[in-house]
**Q** 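Structure in structure tokens, see below.
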Number of protein chains: 2
Amino acid sequence: MPKVRQDALRGAAIQAIKDTARHLMAEQGTAGLSVRGIAKALHLTPPALYTYFTSLDDLITALITDNFNALADTLEHARDALPVEDPVAQLEAVMNAYRQWAVDHPVDFQLNYGNPIPGYHAPREITVPAVVRSFVVIVGLIERIVQSERYAPNPPYDTIPPHLQPALRRVITEGGYPVSELALYLSVSGWGEIHGIIMLELFHHIQALVGDTATYYQEQIRRMMRAFGIRPKG
Amino acid sequence: MPKVRQDALRGAAIQAIKDTARHLMAEQGTAGLSVRGIAKALHLTPPALYTYFTSLDDLITALITDNFNALADTLEHARDALPVEDPVAQLEAVMNAYRQWAVDHPVDFQLNYGNPIPGYHAPREITVPAVVRSFVVIVGLIERIVQSERYAPNPPYDTIPPHLQPALRRVITEGGYPVSELALYLSVSGWGEIHGIIMLELFHHIQALVGDTATYYQEQIRRMMRAFGIRPKG
DNA sequence: ATCGTAAAGTTTACGGTGTAAAGCAATCTT
DNA sequence: AAGATTGCTTTACACCGTAAACTTTACGAT
């Protein structure tokens with residue numbers, strides 16, 4: 001089956017294109033992402049890339065998908081590096097890994113969670129499942145914590161906003177996730193909070209206010225967990 | 001002084017350019033922002049715009065500055081529409097106005113708080129003071145609340161993270177703002193939280209999870225205030 | 001009232017972008 | 001060995017920001 005070898009070659013070419021795209025973006029930001037730039041770096045003519053991607057948007061979508069998966073991999077790895085017996089420590093590690101990935105790959109993070117490319121709009125049916133993978137890591141941990149003795153309901157986060165309940169229930173049943181509505185609610189809340197801090201940091205809006213953003217973030221997620229009713233220490 | 005009239009004409013031209021820029025962006029997103037597009041809409045040749053702006057970046061900076069001021073105006077207006085005797089209600093109104101402005105002007109909000117234009121980077125010395133104007137509205141209200149009987153310290157938000165204190169103190173003394181470190185800390189925390197929710201909403205990441213984002217936001221800021229130790233009702 | 005000047009706008013041009021169309025050469029399939 | 005497919009090049013088009021030179025308009029001072 002030479003077809004296999006050829007498919008492998010094609011896969012390698014696609015990988016090379018994505019690698020140089022990422023490399024150029026790392027150097028010059030999203031402005032460095034251009035068909036012609038990639039082609040030049042690969043010693044090809046620009047239209048040659050259209051053998052592998054139908055358009056620049058198509059390439060961007062591929063990059064975004066990879067990013068979401070890389071982020072999810074990182075979170076899962078951070079979770080699995082700690083003992084299952086301490087889900088609180090795992091959650092803290094995962095949230096720190098979330099920020100760390102964003103700080104280490106700012107352009108990629110923006111590509112996914114901002115909208116940095118004029119004219120480009122990510123196809124929902126591709127990005128939504130990819131986002132879910134990361135989110136599931138957080139929800140899974142919070143679910144285990146909520147069911148453990150490390151959790152003690154703490155107002156105002158001890159109840160689910162009534163208006164929110166139907167939506168949460170629908171997500172759980174339709175998605176088939178075996179989690180409680182409370183765990184899902186706390187996850188959404190927490191996600192919004194860490195996302196906000198990270199976005200403000202990425203665009204340099206809070207450095208002047210808080211100084212060291214890493215320790216600020218660290219402290220805030222600890223406090224957030226406490227406010228949620230999650231006890232630190234084992 | 002005919003000079004005055006000419007300056008007025010020049011001002012009107014600049015305003016017309018900014019208006020059409022905003023109009024094009026509202027229709028086609030940040031991709032619609034182009035010198036040539038604006039020129040065509042105004043029945044001018046592209047280089048003619050360089051009489052009023054030295055570059056496209058220059059125009060973008062002007063738009064961003066206007067946005068920050070418009071947002072700050074909106075917040076101040078929301079604050080002043082309610083009696084001074086109820087700073088808690090004022091704060092809630094201001095935070096709702098913050099989201100409402102973002103929802104009403106999504107592209108403008110992205111232009112300010114995202115980084116949607118490849119190759120463009122906002123000059124810090126211009127944007128920072130503009131950001132401060134909005135932030136000051138929030139800090140001012142929280143300061144008044146903290147000093148009132150509506151505030152009762154509530155763990156874990158009753159203390160300031162030790163690492164954070166020097167930075168906050170420096171901001172207060174150097175900026176000359178007559179606010180307590182606690183008010184500033186709570187403001188930063190709150191800002192990060194509402195910012196995160198709004199960003200996730202703008203890029204359609206939480207709609208599937210929470211359904212009605214407006215009521216979710218509303219509920220979350222109420223809970224956040226309670227967690228901070230701010231009592232609702234008068 | 002006129003002249004010099006400055007401002008506003010034009011034309012032209014250069015180098016950049018994404019990508020469609022056609023053609024060529026090598027390789028795989030039968 | 002013949003035909004089809006794949007990878008790639010050449011050419012071309014329509015867009016982009018903006019620099020340079022030139023023309024037109026309107027003003028301020030003499």
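Below, read A as the first sequence line, B as the second, and so on, with proteins coming before strands; counting in each chain starts at 1.
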**Q** In whole Å, what is the span from the CD1 atom of B/Ile14 to the P atom of C/dG9?
**A**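 Checked: the CD1 to P distance equals 11 Å.
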
**Q** Any side-chain N or O of A/Arg10 under 4.0 Å from OP1/OP2 of D/dG7?
**A**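 Looking at the OP1 and OP2 atoms of D/dG7, one of them is under 4.0 Å from a side-chain N or O of A/Arg10.
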
**Q** Return all side-chain donor-acceptor pairs below 3.5 angstrom for residues 35-46 of chain A, not counting sequence neighbours, or 'none' if the list is empty.
**A**
none

**Q** Which heavy atom of A/Gly211 sits nearest a heavy atom of B/Ala167, and at what distance?
**A**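 Minimum heavy-atom contact is N-CB, 3.9 Å.
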
**Q** Pick out the pairs of N or O atoms, protein on one side and nucleotides 15-19 of chain D on the other, that lie under 3.5 Å.
**A**
| unit_1 | atom_1 | unit_2 | atom_2 | d |
| --- | --- | --- | --- | --- |
| D/dC16 | OP1 | B/Ser34 | OG | 3.3 |
| D/dG17 | OP1 | B/Val35 | N | 2.7 |
| D/dG17 | OP2 | B/Val35 | N | 3.1 |
| D/dG17 | OP2 | B/Arg36 | N | 3.0 |
| D/dG17 | N7 | B/Arg36 | NH1 | 2.2 |
| D/dG17 | O6 | B/Arg36 | NH1 | 2.9 |
| D/dT18 | OP2 | B/Tyr50 | OH | 2.6 |
| D/dT18 | OP2 | B/Leu56 | N | 2.8 |
| D/dT18 | O5' | B/Tyr50 | OH | 2.9 |
| D/dT18 | O4 | B/Arg36 | NH1 | 3.4 |

**Q** If we count only N and O atoms by modelled type, under 3.5 Å, do the side chains of A/Asp104 and A/Gln100 hold a donor and an acceptor together?
**A**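 Yes, side-chain donor-acceptor contact under 3.5 Å.
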
**Q** Would you say A/Ser134's side chain and A/Val131's backbone share a donor-acceptor pair under 3.5 angstrom?
**A**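 Pair absent, no side-chain N/O of A/Ser134 close to backbone of A/Val131.
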
**Q** Roughly, in whole Å, what's the span from CG in A/Leu44 to P in C/dA25?
**A** 18 Å

**Q** In whole angstrom, what separates A/Tyr52's OH from C/dT19's P?
**A**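 For the pair A/Tyr52 OH and C/dT19 P, the rounded distance is 17 Å.
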
**Q** At less than 4.0 Å, is any side-chain N or O atom of B/Thr45 found next to OP1 or OP2 of C/dT10? Yes or no.
**A**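 Yes, B/Thr45 has a side-chain N/O under 4.0 Å of OP1/OP2 on C/dT10.
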
**Q** What is the distance, rounded to the nearest whole Å, between atom CG of B/Leu42 and atom C1' of C/dA8?
**A** 14 Å

**Q** Pairs in or reaching into residues 118-140 of chain B: which pass ring pair (Phe, Tyr, Trp, His ring centres under 6.0 Å), with residues at least two apart or in two chains?
**A**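 Non-adjacent pairs meeting ring pair (Phe, Tyr, Trp, His ring centres under 6.0 Å): B/Phe135-B/Trp191.
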
**Q** Would you find a donor on one side and an acceptor on the other, under 3.5 Å apart, between the side chain of B/His23 and the backbone of B/Asp19?
**A**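 The answer is no, because no donor-acceptor pair under 3.5 Å joins these two groups.
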
